Amino acid sequence: MGKEKESAAEKVLSFIKKNNIEFVDMKFMDFPGQWQHFTVPVSVFDESSFEDGFGFDGSSMRGWKRINESDMLIIPDPNTMFVDPFIDAPTISLICDVYEPATKEKYDRCPRNIAQKAEAYLKSTGLADTSYFGPEAEFFVFDDVRFDSGPNFSFYQVDSIEGRWNSGREENPNLGYKPRYKEGYFPVPPTDQLMDLRNEMVQNLIKVGIDVEAQHHEVASGGQCEIDMKFQPLLKSADQLLMFKYIIKNTARKHGKTVTYMPKPIFGDNGSGMHVHVSLWLKNKPLFAGGGYAGLSETALYFIGGILKHAPSLLAFTNPTTNSYKRLVPGFEAPVNLAYSQRNRSASIRIPMYSNSPKAKRVEFRCPDPSSNPYLAFSAILMAGLDGVMNRIDPGDPLDKDIYDMSPEELKDVPSTPESLGAALKALADDHEYLLKGNVFTEDVINAWINYKMDREVKPLALRPHPFEFEQYFDV
């Protein structure tokens, strides 16, 4: 290690030694979108670990290998180190890439590999060299959650000290500070009972190196919150979103609470979205600022055109659960209209107008939700937008009218998001050529995603009676 400048791997090893770290936790992303991990003692971790990696059973990971081809490899990325604030023994975490052990090539279905290929493809086009992503992942904090299902029953129940449904409950005493339905946006304490918890979440995020811009209560009664991270390049943004989820969930658990990123856990109130802010840059110069609508450049408008054109298939990755489409329902604030606007929040794309700085010019894609796998979602958004730029796709006229004031005649020409996950997956089957460019996504990845989602989520839900059906039909 006699180099003039310490490498990233050397810095990790030096940090381990100086801080008496005892364990190294390897975190990696499975196909549907959950972090997985295993841990090694520092005695078996050295410089060769960043080249040789560690083996694991790929057949136990959802959507990956069959049992007869199960051996796989993960190799940690030394640039992703953070100290885990929730493990008693001194532990660092490293985010890993998944490899085929025989060829030492990155595994095609590794979501992080797809994000890396998306960034490489962007540079290869010459259109831009950096794509910045800023996700706003909303979440619910609950005090209790119960759910189960079987051949003859099915139920769920969530609860929150803030839930308006508890305004008449015996709490010895019930102090009454519970946000009204759809009125949870920005109330001060004591109505906002999660202020201290969110501040602790922010402190923990900052400790692991995540820049936080703001935290606040969200619209729904029952503990809906939002914490905003600063935008980052695509891969780093996806890495940090997973760190974010991990920090938020574990901070809540320390206080006997639980967090869900499920888009629609409560009926009749706002669901949790993940508005994604996107911009392209070239040689440290922003490409989305210009003299067009809402101060956008031609490049930005074509980028919007690509997202709108491919939105039905794009939502198979950005809104990848059956529950996602309980949020995307017309008639609410949900962004179901496939149009763009500088002010209409029911449009799927909004142009934020908080700042006139060219560096702040971006587009906000409002459809995605936090159940998505960020590596796949961000990569798909980028590929759709780039297809728009490369093919000069006209986004059409903006939708600046109040959607609630529009007549059915006017609305009939505004396309909407798919009504179900099954419809989005069908759209993906019919429209995915734009994702295959640069070998970013592959036919195998597309087919595996569609089959996994249909077989594990869409079809099983279709087979099960719903409690509301008993309310509707039991006495027919």
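Nothing here was measured: the structure is a model prediction, and the numbers come from that model. Residues take their numbers from the sequence shown, with the count starting at 1.
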Looking at [X], I'd like to know if its [atom1] atom is crowded, meaning that more than 12 non-hydrogen atoms belonging to other residues, nucleotides or ligands lie closer than 6.0 Å.
X      : atom1 : answer
His37  : NE2   : no
Asp455 : CG    : yes
Gln472 : CD    : yes
Lys309 : NZ    : no
Phe155 : CZ    : yes
Arg62  : CZ    : yes

N/O donor to acceptor pairs below 3.5 angstrom from side-chain atoms of residues 412-425, sequence neighbours left out:
unit_1: Ser420; atom_1: OG; unit_2: Ala423; atom_2: N; d: 3.1

Is any side-chain heavy atom of [X] closer than 4.5 Å to a side-chain heavy atom of [Y]?
X      : Y      : value
Gln36  : Gln34  : yes
Leu314 : Ile381 : yes
Phe365 : Ile304 : no
Val83  : Lys207 : no
Leu435 : Val440 : no
Phe147 : Val158 : no
Pro263 : Asn319 : no
Leu287 : Phe303 : no

Over all atoms of both residues, closest heavy-atom pair of [X] and [Y]:
X      : Y      : answer
Thr260 : Phe142 : CG2-CE1, 3.7 Å
Ala347 : Pro335 : O-CB, 3.6 Å
Asp129 : Lys283 : OD2-N, 2.8 Å
Met29  : Pro374 : CE-CD, 4.1 Å
Pro179 : Glu162 : CD-O, 3.3 Å
Pro370 : Tyr261 : CG-O, 3.4 Å

* To do: Kindly assign one of parallel, tilted or perpendicular to the pair Tyr293 and Tyr340, based on the angle between their ring planes and the thresholds 30° and 60°.
  =>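 It falls in the perpendicular class, over 60°.
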* Give me the ring orientation class for His466 and Phe468: parallel if the planes are under 30° apart, tilted from 30 to 60°, perpendicular past 60°. =>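 Plane angle over 60°, so perpendicular.
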For residues [X] and [Y], is any side-chain donor paired with an opposing acceptor at under 3.5 Å?
X      : Y      : answer
Tyr246 : Ser93  : no
Ser60  : Asp57  : yes
His275 : Glu138 : no

Approximate separation, where rounding is to 0.5 Å, of [X] [atom1] and [Y] [atom2]:
X      : Y      : atom1 : atom2 : value
Tyr132 : Lys230 : OH    : NZ    : 8.5 Å
Ile349 : Ser341 : CD1   : OG    : 11.0 Å
Tyr99  : Lys104 : OH    : NZ    : 8.0 Å
Cys225 : Phe139 : SG    : CZ    : 4.5 Å
Ile75  : Met26  : CD1   : CE    : 10.5 Å
Ile450 : Ser313 : CD1   : OG    : 9.5 Å

Without swapping roles, check the side chain of [X] against the backbone of [Y] for a donor-acceptor pair under 3.5 Å.
X      : Y      : answer
Asp77  : Ile95  : no
Asp228 : Ala214 : no
Glu200 : Thr251 : no
Arg327 : Cys367 : yes
Asn373 : Phe317 : no

* To do: Dump the intermediate steps for side chain to side chain donor-acceptor pair (under 3.5 Å) on Glu443 and His432, then the final yes or no.
  => CA-CA 9 Å; Glu443 288 283 2; His432 60 260; 3.2 Å; yes
* Verdict with supporting geometry, Met72 and Met61, side chain to side chain contact (heavy atoms under 4.5 Å, CB included) -> CA-CA 11 Å; Met72 301 194 78; Met61 292 293 109; over 6 Å; no
* Which residues satisfy the ring pair (Phe, Tyr, Trp, His ring centres under 6.0 Å) test with Phe28, sequence neighbours excluded? ->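 With neighbours one apart ignored, the set is Phe56.
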* Asked: Does His217 have any ring pair (Phe, Tyr, Trp, His ring centres under 6.0 Å) partners at least two apart in sequence or in another chain, and if so, which?
  ->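 Per chain and number, His217 pairs via ring pair (Phe, Tyr, Trp, His ring centres under 6.0 Å) with no residue.
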* Using the side chain to side chain donor-acceptor pair (under 3.5 Å) rule, take Gln224 and Ser272 through it: C-alpha gap first, then chi angles, then the decisive distance, then the call. => CA-CA 8 Å; Gln224 191 182 34; Ser272 290; 3.2 Å; yes
* To do: Could you give me the CA-CA distance, side-chain angles and deciding distance for Thr442 and Asp108, then say whether side chain to side chain donor-acceptor pair (under 3.5 Å) is met?
  => CA-CA 8 Å; Thr442 63; Asp108 274 347; 4.6 Å; no
* Asked: Are the aromatic ring centres of Trp449 and Phe441 under 6.0 angstrom apart?
  ->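 No, too far apart.
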* Asked: Quick one: side chain to side chain donor-acceptor pair (under 3.5 Å) pairs with a partner in residues 232-243, sequence neighbours left out?
  ->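 The answer is Arg112-Asp239, Asp239-Tyr375.
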* **Listed partners of Asp397 passing salt bridge (charged side-chain N to carboxylate O under 4.0 Å, His left out), at least two apart** =>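 By the salt bridge (charged side-chain N to carboxylate O under 4.0 Å, His left out) rule, Asp397 matches no residue at all.
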* Would you please test Asp369 and Ser371 for side chain to side chain donor-acceptor pair (under 3.5 Å) and show each step? => CA-CA 6 Å; Asp369 68 56; Ser371 69; 2.4 Å; yes
* Out of Leu308, Ile307, Leu296, which residue meets the side-chain contact (heavy atoms from CB on, under 4.5 Å) rule with Pro395? ->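 Passing option: Leu308.
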* Please list all pairs passing the salt bridge (charged side-chain N to carboxylate O under 4.0 Å, His left out) test where one or both residues lie in residues 426-437, with sequence neighbours left out. =>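 Non-adjacent pairs meeting salt bridge (charged side-chain N to carboxylate O under 4.0 Å, His left out): Asp387-Lys437, Lys426-Asp430.
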* Asked: Do Asp269 and Arg164 sit within salt-bridge range, that is, some charged N less than 4.0 Å from a carboxylate O?
  ->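 No.
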* Stepwise, does the side chain to side chain contact (heavy atoms under 4.5 Å, CB included) test hold for Met243 with Lys245? -> CA-CA 6 Å; Met243 293 167 64; Lys245 285 186 171 184; over 6 Å; no
* Might you work through the side chain to side chain contact (heavy atoms under 4.5 Å, CB included) test for Asn204 and Phe86, ending with a clear yes or no? => CA-CA 10 Å; Asn204 286 334; Phe86 303 107; 4.1 Å; yes
